[in-house]
Amino acid sequence: MSNRKFSKGMKFLFFLPVIALIATALGYIVMYLWNWILPNIAHVGQLNFWQALGLLVLCRLLFGNFNKGGGGFRDKAIKMRSKWESMNEEERAKFKAEYKNRCSGWGNRNKEQQQN
């Protein structure tokens, strides 16, 4: 049993430098791309490494939470597919009508604004 704890500790000690290396590489990549592109286009200041790392963390907090495994679009699509397959025809028709009611106006809004 103590071997199992030891191996988990060894795994952690192995992955800690790997995680640090990946974070460092991502920080330098963000810093390089920011400093190469945005000062000329958007007239913003340049970033140093720590600001780039902070920007990475901020983007992760705002746009993608820190859950393990990520989930993402594929998992949502699989859940939706299984939900769709478990619906009967009446529920599917109701879902389609509600979807059409909520989402059909998106493209038409731009056309209406252009006409006015």
Side-chain angles (χ1 to χ4, degrees):
M1 201 171 229
S2 64
N3 265 347
R4 177 176 275 170
K5 289 181 183 178
F6 181 72
S7 70
K8 285 183 182 180
M10 290 300 287
K11 287 179 185 177
F12 177 74
L13 288 176
F14 173 74
F15 283 111
L16 193 61
V18 171
I19 291 170
L21 183 66
I22 291 171
T24 302
L26 287 174
Y28 277 110
I29 290 170
V30 168
M31 183 182 74
Y32 174 74
L33 289 173
W34 179 285
N35 292 337
W36 179 47
I37 298 171
L38 287 176
N40 295 330
I41 294 175
H43 306 291
V44 296
Q46 293 193 344
L47 290 181
N48 63 30
F49 171 75
W50 295 108
Q51 290 170 329
L53 211 54
L55 185 64
L56 271 174
V57 171
L58 179 65
C59 287
R60 185 69 179 176
L61 286 170
L62 292 175
F63 302 117
N65 51 18
F66 285 99
N67 11 348
K68 265 185 161 177
F73 178 76
R74 184 175 178 186
D75 289 344
K76 290 177 185 175
I78 290 171
K79 284 181 184 177
M80 191 61 198
R81 171 70 63 180
S82 66
K83 188 182 243 186
W84 179 261
E85 290 172 352
S86 67
M87 289 181 184
N88 61 31
E89 290 302 319
E90 182 181 325
E91 291 170 330
R92 287 181 185 177
K94 185 178 177 184
F95 176 82
K96 285 180 183 179
E98 182 65 28
Y99 183 81
K100 186 175 182 181
N101 183 31
R102 288 186 184 190
C103 301
S104 64
W106 285 9
N108 297 334
R109 288 184 188 141
N110 291 335
K111 291 176 186 172
E112 290 173 4
Q113 289 174 353
Q114 288 174 356
Q115 289 174 354
N116 292 334

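Counting non-hydrogen atoms of other residues, nucleotides and ligands closer than 6.0 Å to CZ of Phe15 gives a total of 12 or fewer.
Between the side chain of Asn101 and the backbone N or O of Ala97, no donor-acceptor pair lies under 3.5 Å. Of the possible donor and acceptor atoms, none in the side chain of Glu85 sits under 3.5 Å from a partner among the backbone N and O of Ser82. A distance-only check finds a donor-acceptor pair linking the side chain of Glu91 to the backbone of Asn88 [under 3.5 Å].
Between Trp34 and Gly45, the closest heavy-atom pair is NE1-O, 2.9 Å. In this structure, Leu53 and Gly27 approach most closely via the heavy-atom pair CD1-CA, 4.0 Å. Nearest heavy atom pair, residue Met87 against residue Arg92, reads O-NE, 3.5 Å. Of all the heavy atoms in Thr24 and Ala20, the pair that sits closest is OG1-O, 2.7 Å. Between Gln46 and Gln51, the closest heavy-atom pair is O-OE1, 3.8 Å.
Cluster annotation: Leu26 is connected to Leu47 through the hydrophobic network of ILVMFWY side chains, with a link wherever side-chain heavy atoms come within less than 4.5 Å. Residues Tyr32 and Ile41 fall within the same hydrophobic cluster, defined by Ile, Leu, Val, Met, Phe, Trp and Tyr side chains chained together at heavy-atom separations under 4.5 Å. Hydrophobic clustering (ILVMFWY, side-chain heavy atoms < 4.5 Å, transitive): Val30 and Trp50 are in one cluster. Clustering ILVMFWY residues whenever any of their side-chain heavy atoms sit less than 4.5 angstrom apart, transitively, puts Val57 in a cluster other than the one holding Met31.
Here the straight-line distance linking atom CG of Leu33 with atom OH of Tyr28 works out to 14.5 Å at 0.5 Å rounding. Taken from OG in Ser86 to CZ in Arg81, the straight-line distance is 12.0 Å, to the nearest 0.5 Å. Remark: Lys96 NZ to Glu89 CD distance equals 7.5 Å, nearest 0.5 Å. Residue Ile29 holds its CD1 atom at 9.0 Å from CG of Leu56, rounded to the nearest 0.5 Å.
Using a 4.5 Å cut-off on side-chain heavy atoms (C-beta onward), Lys83 and Lys79 make no contact.
The existence of a salt bridge linking Glu90 and Lys94 is excluded, since no basic side-chain nitrogen approaches an acidic carboxylate oxygen closer than 4.0 Å.
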